[in-house]
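Please read these numbers as outputs of a predicted model, since none were measured by experiment. Heavy atoms only: backbone and side chains are in, while hydrogens, waters and symmetry mates are out.
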Amino acid sequence: MAIEKMSLINIVGNVDEMDKTLLRCLNCGYFHPEMSIHSSEPSKGLTTFDEANPYTVPLNNLSNLAAKLKVQIHKDEFDFNQLNLEDIQNFIKELNESVSLLDKKKHELKESIAQHEQALIQIRHLAGLNVSFDDIFSCKYVKVRFGKLPFDSFEKLNYYVNKTFFFFPFDHDSDYYWGVYFAPETKIEVIDDIFSSLYFERMHVPDYAHGTPELAENNINALLETEHKDLDQVYKDLEAMREKHSERINKVFSLLKYANEIQLLKKNVATIHGRFYAIGFIPACKADDFTNSLDCLETVSCVVQPHDADPTLEPPVKLRNNRFAQPFTTFVNMYSLPSYKDIDPTNFFAISYTLLFGIMFGDLGQGLVIVLLGLFLSKFKKMEFGKILTRIGFSSSLFGILYGSVFGYEDVLDPFYQAVFGLKSKPIHVFDNDTTNLLLGAAIGIGALLILISIGINIYLGFRNKDLGRALFSHNGIAGAVFYISVGFAAVGALLLDLHVLNLAYVLGLIVLPLLVIFFKEPLTKLVSGNKDFWPKHFGEYAIENFFELFEYVLSYLSNTMSFLRVGGFILSHAGMMAVVMSLSEMAGGAASPIVMVIGNLFVMCLEGLIVGIQVLRLEFYEMFSRHYEGNGKPFEPATISYKIDE
């Protein structure tokens, strides 16, 4: 449960050394900037640095240029003192002009090639026309339309035998007839309407097609050959340009990227009388490294303060978890990032989630399949969720050994129990009446324990943050814990141990008194805080409002505990579903039996695994987090530089 400790950094220096200072802030990778003008310390006269960013446009131009040349952008070494924006802009302008010419030529050639290839396809359908295009298009009183007619429409031409047109097909397939129709110039509009109603798709013969179709095809092929050679040469020129300028592009890009980010960082900086003032948070363990990095700057001084030195600034939150718990940070962030004064619940979440999933979905074979799926997703797909599957898969496998279940086979591990533990069969028979009751009781016991741990965390946080009302008098404080334990002990004693403890002193001291403390939480909190005006001014309203709240709290203790019955329920549910799969497999018999087993196991893994995962998440969020976790933390977002560009 670790939240990285933060220190507040105040930096002051001459404006002429501001860029070098901010460059070091960027390079360290752990400086979280804050708005200096919002600090409580700056006096009147401080102004924000609101100059226009001169590096945005050249950076965007260079990014586009790199994308056109397909240059792999990466960080390169550069000398920040040699930043000369005019030289950079000239370099980008000259290179952009050269690349744009080649790029324009490339697109023109591609467009021309596509056009010629399309024309070639059309002209090949006119191969049966043994007449020159020049002769056809030179007709003075006759109009010509080349194109294709749907197969069904071709038959309908017989309905128009009295019309003044001729249609000559040259080629056809199962869908179309390719051909040409001739019509008098004076009737062409009417004839065009007729063919349009027959879904005739006109095909424009290009102007550069001369002679017969065969001759035009040869000419276009020759033209295409020339254009392909020209296009290859353009690609070679671009490749040569990429090899020649790749190194410099990366150097200039790195330089511009830093300059641009520094300019963006300046928005957080305040200035006054030639001095600048920057403020931010860094991890406390990095304080010495950070101050040492600024020692070489003569006019710059850096002061390290506690995280709460400026009450107007909320420290950012950076979680630091071990390898086991780290993947579960995703689930915690789904609820909310913890505040800096809170505790990181990820470890508690990881342990309880893994255990509950294993208890509810115990199967050695299916658990190992989930492990393999998790390893695949995490290793090859780089998915963080895969790591979670690996952990809960192992938990499922371990509880599967306890339940003696392997893909629904309930007796296959008996030799293992006999050899290792000397048992006749598996230790837990889920469907035995006594075992079923024990599982349901154990589920409630696990739930009560987790709820008590959550209340304990809330009490600890109350004392740590000096919130005595939260720690002592709330329904999740000591008063609530005493009530919950007392009622639980009385119930367990009466039902399981034949121990009846509900005498007058027990009821008044351990049940009624904690409820009264919770009821009077607000005035008691004021009282221990030294506020003499602690009694409610309108006690009637206070009593009615808090009576219903108290009633809700008591119900929530019961309902939250009963929610954990689903833990035992899913153990029975899993065993029941696998029994159904086994029955179906036996009914199928023969070669179909293994297929039914595989499909049945996949179905159970997908359906029940998803439901169990969601139900455990619900228990975590609603039954546990709601008792101690507030969230609303501010994420730690250090100033860094990304070299990813949009292509």
Side-chain angles (χ1 to χ4, degrees), residues 348-349 351-364 367 392 395-405 410 417 421 423-456 476 480-502 506-507 510-511 514 553-579 608 611-627:
F348 177 53
F349 181 95
I351 293 171
S352 56
Y353 190 95
T354 305
L355 281 176
L356 288 174
F357 186 91
I359 293 172
M360 296 164 74
F361 192 79
D363 189 295
L364 176 60
I392 62 177
S395 178
S396 176
S397 302
L398 292 175
F399 280 95
I401 294 174
L402 197 62
Y403 302 150
S405 179
E410 300 295 325
Y417 299 122
F421 302 109
L423 299 173
K424 291 182 179 179
S425 63
K426 58 186 179 182
I428 296 178
H429 294 265
V430 174
F431 286 131
D432 284 357
N433 289 334
D434 292 340
T435 306
T436 301
N437 293 331
L438 182 62
L439 288 174
L440 295 176
I444 294 177
I446 292 171
L449 178 62
L450 291 173
I451 288 174
L452 280 175
I453 292 175
S454 300
I455 293 176
N476 289 317
V482 171
F483 171 80
Y484 188 66
I485 293 172
S486 301
V487 172
F489 180 73
V492 171
L495 296 174
L496 302 179
L497 305 175
D498 197 22
L499 181 63
H500 301 281
V501 295
L502 289 177
Y506 188 93
V507 171
L510 299 177
I511 297 178
Y553 293 152
V554 173
L555 285 180
S556 71
Y557 287 128
L558 179 64
S559 62
N560 289 168
T561 307
M562 290 299 106
S563 288
F564 283 88
L565 269 176
R566 71 190 67 196
V567 175
F570 272 100
I571 300 174
L572 302 174
S573 169
H574 178 75
M577 292 182 74
M578 292 315 302
E608 195 180 340
I611 294 174
V612 169
I614 293 173
Q615 289 299 330
V616 178
L617 202 60
R618 184 197 175 284
L619 290 174
E620 294 282 351
F621 286 171
Y622 288 95
E623 322 305 350
M624 289 183 269
F625 271 30
S626 61
R627 295 194 175 276

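With a 4.5 Å cut-off on side-chain heavy atoms, I444 and F564 do not count as touching. Between V554 and V487, every side-chain heavy-atom pair lies at or beyond the 4.5 Å cut-off. Between L356 and I446 there is a side-chain heavy-atom pair separated by less than 4.5 Å. With a 4.5 Å cut-off on side-chain heavy atoms, V430 and T435 do not count as touching. For the pair R627 and N560, the minimum side-chain heavy-atom distance is below 4.5 Å. Using a 4.5 Å heavy-atom threshold, the side chains of I611 and F570 count as touching.
Rounded to the nearest 0.5 Å, atoms CG (L438) and CD1 (I428) are 8.0 Å apart. Atom CG of D363 sits about 4.0 Å away from atom NE2 of H574, to the nearest 0.5 Å. Expressed to the nearest 0.5 Å, how far OG of S397 lies from CD1 of I392 amounts to 10.5 Å. Note that CG of L452 is 6.5 Å distant from CG of L449, once rounded to the nearest 0.5 Å. Distance check: Y622 OH to L617 CG gives 9.5 Å after rounding to the nearest 0.5 Å. Taking CD of E623 as the reference point, atom CG of L450 lies at 10.5 Å (rounded to 0.5 Å).
Under a cut-off of 6.0 angstrom, the local environment of CZ in F489 is sparse, with at most 12 non-hydrogen atoms contributed by other residues, nucleotides or ligands.
Taking the six-membered ring for Trp and thresholds of 30 and 60 degrees, F357 and Y353 have nearly parallel ring planes, at less than 30 degrees apart.
Among all heavy-atom pairs drawn from V482 and P514, the shortest one is CG1-CG, 3.7 Å. Nearest heavy atoms, S405 versus G362: CB-O, 4.0 Å. Listed here is the closest heavy atom pair of S486 and I511: CB-CG1, 4.2 Å. The shortest heavy-atom contact between K426 and Y403 is CD-O, 3.0 Å. For the residue pair N476 and S626, the shortest heavy atom distance occurs at ND2-O, 4.2 Å. Summarising the geometry of G480 relative to Y557, their closest heavy-atom pair is CA-OH, 3.3 Å, with the distance given to 0.1 Å.
When the side-chain hydrogen bond (donor to acceptor under 3.5 Å, both in side chains) test is applied to Q615, the partners found at least two apart in sequence or on another chain are R566. With sequence neighbours left out, the side chain to side chain contact (heavy atoms under 4.5 Å, CB included) criterion links L355 to I351, F399.
For the residue pair E608 / S573, no side-chain donor-acceptor distance below 3.5 Å is found, with atom types taken as modelled. In summary, the side chains of T561 and Y484 do present a donor paired with an acceptor at a separation below 3.5 Å, with no hydrogens or angles considered.
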* To do: Tell me, with the steps shown, if L619 and V567 meet side-chain contact (heavy atoms from CB on, under 4.5 Å).
  => CA-CA 10 Å; L619 290 174; V567 175; 3.9 Å; yes
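Taking the six-membered ring for Trp and the full ring otherwise, the centers of F483 and Y553 sit at least 6.0 Å from each other.
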